[in-house]
Amino acid sequence: MNDLRPVDPLVSRYPLPLTPERARREAMQARRNRLKLPKGHPYRWLPTWVPYGIARTLSGSARSSLPDGAH
């Protein structure tokens, strides 16, 4: 059973699977509302124009955050 749970589900679903679009949308909303994304979120420190794969690698995102079917 998978016991992954978001730290703050109102800000982000991370470490649950995220699509690139979802990750960017969460980052934009968090910045707009001056909220902090959880550690490991692909766009916690990076701008949303960075490609998702590179953002995941640089941020050290958990493998669990890959979209379904991308494992």
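Across every non-hydrogen atom of P6 and P15, the tightest pair is CA-CD, 4.0 Å. The minimum heavy-atom distance between A30 and V11, with the atom names listed, is CB-CG1, 4.2 Å. Shortest non-hydrogen contact noted between W45 and R31 is C-NH2, 4.4 Å. Of all heavy-atom pairs between V7 and P38, the closest is CG2-CB, 4.4 Å.
The side-chain hydrogen bond (donor to acceptor under 3.5 Å, both in side chains) analysis of residues 52-62, with sequence neighbours excluded, yields the pairs R56-S65, S59-S61.
Considering OH of Y43 and OH of Y14, their distance stands at 13.5 Å, rounded to 0.5 Å. Note that CE of M28 and CZ of R25 are 8.0 Å apart. Values are rounded to the nearest 0.5 Å.
Ion pairing between R22 and E26 holds under the 4.0 Å rule for side-chain N and carboxylate O.
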- Task: List the steps and the verdict of side-chain contact (heavy atoms from CB on, under 4.5 Å) for L18 and H41.
- Result: CA-CA 10 Å; L18 296 172; H41 190 283; 3.9 Å; yes
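Using modelled atom types, no side-chain atom of N33 and backbone atom of L35 make a donor-acceptor pair closer than 3.5 Å.
At a threshold of 4.5 Å between side-chain heavy atoms, the hydrophobic network of Ile, Leu, Val, Met, Phe, Trp and Tyr places L10 and L37 in two separate groups.
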